[in-house]
Amino acid sequence: MMYYKNLIVEIRDQVLWVKINRPKVRNALSLATLGELGRACTEYAAEPALKAVVLTGEGNESFAAGGDLKEFSAIRTAAQTEQLFDLASSVLDKIRKFPTPVVAAVNGWALGGGAELALACDFRVAAAHASIGYIHGRLNITCGFGGGADLMQLLGGSRAMLHGLTAKPLPALEAQRAGLFDRVAEEGERLESCVAGFLEPLLGQQPQVIRAYKAMASAAQQGLSGEERRAIEREWFVRTWTHADHWAAVDATMKK
Ligand SMILES: CCCC(=O)SCCNC(=O)CCNC(=O)[C@H](O)C(C)(C)COP(=O)(O)OP(=O)(O)OC[C@H]1O[C@@H](n2cnc3c(N)ncnc32)[C@H](O)[C@@H]1OP(=O)(O)O
């Protein structure tokens, strides 16, 4: 297992838990933290038994307060800014393309690049006190981690533009109504229990079925052509059809 300085990484019951561990700076995303997130995706993508990933932040104040503003203040030239964008968006791509679903467990603030990170995940389950916002406009900038496209896809161009230009974090229930959060914990409910409840039906499926759906969702998200998407669907149908788990389920069904 690799060593992580800014993350806590563990596998529990076929779920990989990745926790950003910089609570003193509200889990701000430094370059090293982004690099480690990318490394964790690469390290665990090859684990065949894994069924899901949960990405969260340490503590109960913040999921991620965006890019590390102290560190990033040294980034001044266009070339350095391009480098930052390319690094961060390639890390978020690893989450988008991770072979299993990735759930953001939003334990507090998800702001700026932190909101982009949450939207790169397949689902967002939030604590009752969480907030999310593309607040980049407050710093007179726009999305910096390649998360603009996710916002447009999730909300549609018009509502996405309104959200970004309002530059105001949305509290959990409002964010759920807007479509940014998939589930919000009840007042007093532990976020971990809420995530477990959200994942329960999904984890009942076999890893190859879960991976098939993620592959199809990822292909759609990447804007692959109809032909490419059909090829991916076909490949996974063959893999799941010829798997022993399929024939065991057929036998059990026919014996009823
Ligand atoms: C391309 C990148 C795009 C971006 O992500 S731009 C960044 C967007 N994010 C922001 O503007 C959020 C800035 N932070 C805040 O608004 C507040 O800190 C926040 C998250 C609401 C939490 O408020 P509080 O709970 O009152 O905490 P606080 O403000 O006293 O902060 C505690 C310590 O955390 C630090 N911190 C918070 N957000 C940070 C950031 N993004 N980068 C670097 N350090 C950050 C803050 O400086 C403070 O540190 P210290 O204790 O004074 O040493």
Side-chain angles (χ1 to χ4, degrees), residues 4-8 18-38 41 55-96 102 104-121 124 126-155 160-175 178 180-181 184 191:
Y4 297 98
K5 188 164 176 277
N6 300 286
L7 306 177
I8 299 168
V18 178
K19 196 179 269 190
I20 302 163
N21 189 23
R22 306 186 75 217
K24 285 190 183 149
V25 288
R26 303 296 180 264
N27 296 321
L29 299 164
S30 60
L31 294 174
T33 308
L34 286 165
E36 287 187 14
L37 280 170
C41 289
L55 174 62
T56 191
E58 175 62 17
N60 59 12
E61 284 177 285
S62 185
F63 171 75
D68 187 322
L69 294 176
K70 283 180 196 148
E71 183 186 51
F72 289 8
S73 68
I75 297 172
R76 299 279 165 142
T77 67
Q80 289 171 322
T81 315
E82 281 170 0
Q83 251 182 4
L84 167 64
F85 184 91
D86 292 345
L87 167 86
S89 48
S90 72
V91 169
L92 269 56
D93 273 345
K94 289 190 179 197
I95 293 172
R96 295 183 187 100
V102 181
V106 185
N107 55 307
W109 300 105
L111 300 177
E116 294 185 62
L117 179 63
L119 260 66
C121 300
R124 285 147 295 283
H129 67 274
S131 291
I132 186 164
Y134 274 54
I135 60 157
H136 312 66
R138 291 182 176 184
L139 301 178
N140 301 323
I141 56 169
T142 181
C143 319
F145 290 180
D150 293 325
L151 187 69
M152 301 297 147
Q153 199 165 50
L154 202 57
L155 299 191
M161 192 159 47
L162 197 59
H163 176 71
L165 293 177
T166 310
K168 193 170 150 260
L170 293 180
L173 289 175
E174 230 179 287
L180 291 172
F181 287 160
V184 174
L191 180 58

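The figures that follow rest on heavy atoms only: side chains count, while hydrogens, waters and symmetry mates do not. For ligands, and for the atoms within them, numbers begin at 1 and follow the listed sequence.
With rounding to the nearest 0.5 Å, the separation of NE2 in His163 from CG in Leu154 is 10.0 Å. Met161 contributes atom CE, which lies 10.5 Å from atom OG1 of Thr166 (distance to the nearest 0.5 angstrom). Rounding to the nearest 0.5 angstrom, the gap separating the CG atom in Leu111 from the CD atom in Glu116 is 11.5 Å.
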Side chain to side chain contact (heavy atoms under 4.5 Å, CB included) between Val91 and Leu117: does it pass, once the steps are laid out?
CA-CA 9 Å; Val91 169; Leu117 179 63; 5.8 Å; no
Under the criterion side chain to side chain contact (heavy atoms under 4.5 Å, CB included), I'd like the reasoning laid out for Trp109 against Asn27: C-alpha separation, chi angles, the key distance, then a yes or no.
CA-CA 9 Å; Trp109 300 105; Asn27 296 321; over 6 Å; no
Verify side chain to side chain contact (heavy atoms under 4.5 Å, CB included) between Phe145 and Leu34, making sure each step is shown before the conclusion.
CA-CA 10 Å; Phe145 290 180; Leu34 286 165; 4.2 Å; yes
Ligand 1 polar-atom proximity to protein (N/O, under 3.5 Å):
unit_1: ligand 1; atom_1: 5 (O); unit_2: Gly67; atom_2: N; d: 2.8
unit_1: ligand 1; atom_1: 5 (O); unit_2: Gly113; atom_2: N; d: 2.8
unit_1: ligand 1; atom_1: 9 (N); unit_2: Ala65; atom_2: O; d: 2.9
unit_1: ligand 1; atom_1: 25 (O); unit_2: Arg26; atom_2: NE; d: 3.0
unit_1: ligand 1; atom_1: 25 (O); unit_2: Arg26; atom_2: NH2; d: 3.4
unit_1: ligand 1; atom_1: 27 (O); unit_2: Arg26; atom_2: NE; d: 3.2
unit_1: ligand 1; atom_1: 27 (O); unit_2: Arg26; atom_2: NH2; d: 3.3
unit_1: ligand 1; atom_1: 34 (O); unit_2: Lys24; atom_2: O; d: 3.4
unit_1: ligand 1; atom_1: 41 (N); unit_2: Ala65; atom_2: O; d: 3.0
unit_1: ligand 1; atom_1: 41 (N); unit_2: Gly67; atom_2: O; d: 2.9
unit_1: ligand 1; atom_1: 42 (N); unit_2: Gly67; atom_2: O; d: 3.4
unit_1: ligand 1; atom_1: 42 (N); unit_2: Leu69; atom_2: N; d: 2.9
unit_1: ligand 1; atom_1: 47 (O); unit_2: Lys70; atom_2: NZ; d: 3.4
unit_1: ligand 1; atom_1: 53 (O); unit_2: Lys70; atom_2: NZ; d: 3.3

